[in-house]
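Below is one structure, written out as structure tokens, with a few remarks after it.
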Amino acid sequence: MALLAGRTVLLRAGVRLGAEAATRGGNGARRFASHRVLVEPDAAAGIATIKLKNPPVNSLSLEFLTELIICLEKLENDKTFRGIILTSDCPGIFSAGLDLREMCGKNPAHYAEYWRAVQEIWLKLYLSNMVLVAAINGASPAGGCLMALTCDYRVLADNPRYRIGLNETLLGIIAPFWFKDNLVNTIGHRAADRALQLGLLFPPTEALQVGMVDQVVPEDQIHSTALSVMSQWLAIPDHARQLTKSMMRKATADHLIKQREADIQNFVSFISKDSIQKSLQVYLEKLKQKKH
Ligand SMILES: CCCCC/C=C\CCCC/C=C/C(=O)SCCNC(=O)CCNC(=O)[C@H](O)C(C)(C)COP(=O)(O)OP(=O)(O)OC[C@H]1O[C@@H](n2cnc3c(N)ncnc32)[C@H](O)[C@@H]1OP(=O)(O)O
């Protein structure tokens with residue numbers, strides 16, 4: 001069982017905490033990894049690196065999200081760690097965003113369960129007391145971009161194929177208000193208005209220009225840069241930084257928290273529409289045919 005936002009929920013079959021590997025790292029820190037979420041602890045530095053490993057594209061399936069939520073809960077409750085570096089173990093892809101197969105051809109109860117998990121991961125990341133640095137080492141569309149946007153600092157590897165943005169409109173769907181709020185808080189209203197309507201995916205130079213990321217570095221420097229940014233942030237006393245973070249983010253998070261159930265109902269009725277199902281299926285089909 002896992003605790004999701006004060007609710008105890010049963011893990012679905014296949015997400016078995018018993019399947020975790022729990023060993024001790026060289027520095028004595030407990031190392032834990034689920035199937036798809038690798039955690040590399042550096043207890044001495046107080047930093048854990050989370051590597052997303054859900055090949056081929058780190059799409060955010062319900063099982064993957066559940067593992068990630070549990071992992072974040074553990075780290076948040078472990079006083080050893082003050083900072084997380086979020087990165088990918090899948091070459092060339094940070095995350096392809098929400099798993100389209102979770103939003104296609106399923107029933108309303110499934111859509112509701114899935115959307116609650118999407119809300120939960122966002123709340124966990126956005127409101128984390130720890131310093132979160134995204135080391136974006138691959139393409140990062142839609143939900144992948146959203147995860148990066150929850151972080152306190154974003155470093156993007158300099159490769160024109162690593163585009164980042166909220167491209168929902170290109171799929172014929174709409175970024176929910178809390179995706180939009182997170183983007184507006186990051187790049188400002190005018191840039192977000194344009195980016196959201198056009199579903200823009202920014203290559204590194206443009207992503208830096210618009211403020212979607214804070215730094216662009218050569219690919220082989222992404223982890224060292226994330227570490228050096230982290231040490232700068234960790235030099236600030238935790239209580240002062242955490243209260244400031246909360247002051248900056250609470251209103252945005254509360255906006256969702258207050259409307260959580262209504263947001264789930266909106267999602268379920270929107271995604272269940274025949275026209276939306278058709279758009280998503282066509283998009284998925286195009287992705288599959290791209291290779292042939
Ligand atoms: C009014 C009220 C409104 C309420 C809310 C309403 C609506 C809900 C909004 C929901 C918000 C949605 C957020 C999302 O995140 S939607 C997902 C968007 N993601 C994308 O558009 C990315 C799609 N993928 C790609 O562009 C590329 O795959 C890539 C990430 C750039 C990687 O390219 P490449 O390395 O060339 O890999 P492939 O394209 O060949 O893909 C490999 C296999 O992976 C499958 N795939 C890719 N992305 C996804 C995905 N997001 N979900 C599921 N599966 C995915 C792809 O089909 C290939 O599968 P195959 O091997 O079986 O062919």
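What's counted below: heavy atoms across the whole structure, side chains too, no hydrogens, waters or symmetry copies. When a ligand or atom number is given, it counts from 1 through the structure's own listing order.
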Open item on the list: As a check for students: among Lys288, Arg101, Lys286, identify the option with a heavy atom nearest to atom 62 (O) of ligand 1.
Closed with: Lys288
Task: Stepwise side chain to side chain contact (heavy atoms under 4.5 Å, CB included) test for Cys151 and Leu86 - done: CA-CA 8 Å; Cys151 293; Leu86 185 62; 4.2 Å; yes
Open item on the list: If the threshold is 4.0 Å, N to carboxylate O, is there a salt bridge linking Lys106 and Glu113?
Closed with: no
TODO: Counting heavy atoms only, name the option from Asn58, Leu280, Leu98 that's nearest to atom 51 (N) of ligand 1.
DONE: Leu98
Task: Between Ser88 and Asn58: side-chain donor-acceptor atoms closer than 3.5 Å - done: yes
Open item on the list: I need the contact type for Pro141 against ligand 1. Using non-hydrogen atoms and a strict under-4.0 Å cut-off, is it side chain, backbone, both or neither?
Closed with: side chain
Open item on the list: Test: salt bridge (Lys or Arg N to Asp or Glu O under 4.0 Å). Region: residues 213-239. Which pairs qualify, not counting sequence neighbours?
Closed with: Arg82-Asp238, Asp238-Arg241
TODO: Please collect all salt bridge (Lys or Arg N to Asp or Glu O under 4.0 Å) contacts where either partner lies in residues 149-163, sequence neighbours excluded, each pair once.
DONE: Asp152-Lys245, Asp152-Arg249
TODO: Consider every N or O of Ser59 and every N or O of ligand 1, then say whether any pair is closer than 3.5 Å.
DONE: no
Task: Residue portion contacting ligand 1 (non-hydrogen atoms closer than 4.0 Å) for Asp99 - done: both
Open item on the list: Heavy atoms only: which of Leu100, Ile174, Asn266 lies closest to atom 9 (C) of ligand 1?
Closed with: Ile174
Open item on the list: Hydrogens and angles aside, do Tyr153 and Gln215 bring a side-chain donor and acceptor to less than 3.5 Å of each other?
Closed with: yes
Task: Ser272 versus Gln277, side-chain donor and acceptor atoms under 3.5 Å - done: no
Open item on the list: One residue to check: Ile93. Relative to ligand 1, which of side chain, backbone, both or neither has a non-hydrogen atom less than 4.0 Å away?
Closed with: side chain
Open item on the list: Test your reading of the structure: does Trp115 have an N or O sitting under 3.5 Å from an N or O of ligand 1?
Closed with: no
- [ ] Give the contacting part of Ile173 toward ligand 1: side chain, backbone, both or neither, where contact means a heavy-atom distance below 4.0 Å.
- [x] side chain
Open item on the list: Under 4.0 Å from a heavy atom of Gly97: which atoms of ligand 1 are those, numbered in the order shown and with their elements?
Closed with: 15 (O)
Task: Heavy-atom proximity to atom 37 (O) of ligand 1, best of Ile264, Ile271, Val57 - done: Val57
Task: Heavy-atom proximity to atom 3 (C) of ligand 1, best of Phe179, Phe94, Phe270 - done: Phe270
Open item on the list: I want to confirm something. Looking only at heavy atoms, which of Leu166, Leu60, Asp263, Leu171 is nearest to atom 16 (S) of ligand 1?
Closed with: Leu171
Task: Atoms in ligand 1 with a heavy atom of Glu168 nearer than 4.0 Å - done: 11 (C), 12 (C), 13 (C)
TODO: Please check if any side-chain donor atom of Ser59 sits under 3.5 Å from a side-chain acceptor atom of Asp99, or the reverse.
DONE: yes
Open item on the list: Using a 4.0 Å cut-off to any heavy atom of Gly143, which atoms of ligand 1 qualify?
Closed with: 14 (C), 15 (O)
Open item on the list: Taking 4.0 angstrom as the limit and counting only heavy atoms of Asn167, give me the atoms of ligand 1 inside it, by number and element.
Closed with: 20 (C), 21 (O)
- [ ] Could you list the atoms of ligand 1 found under 4.0 angstrom from a heavy atom of Phe267?
- [x] 8 (C)
- [ ] Pick one of side chain, backbone, both or neither for how Leu146 approaches ligand 1, counting any non-hydrogen atom pair under 4.0 Å.
- [x] neither
Task: Salt-bridge contact Lys124-Glu120 (side-chain N to carboxylate O under 4.0 Å) - done: yes
Task: Polar side chain donor-acceptor pair, Tyr126 to Asn185, under 3.5 angstrom - done: yes
- [ ] Determine, step by step, whether Ile173 and Phe270 satisfy the side chain to side chain contact (heavy atoms under 4.5 Å, CB included) criterion, reporting the C-alpha distance in whole Å, the side-chain angles of both residues, the deciding distance to 0.1 Å, and the verdict.
- [x] CA-CA 9 Å; Ile173 56 178; Phe270 180 83; 3.9 Å; yes
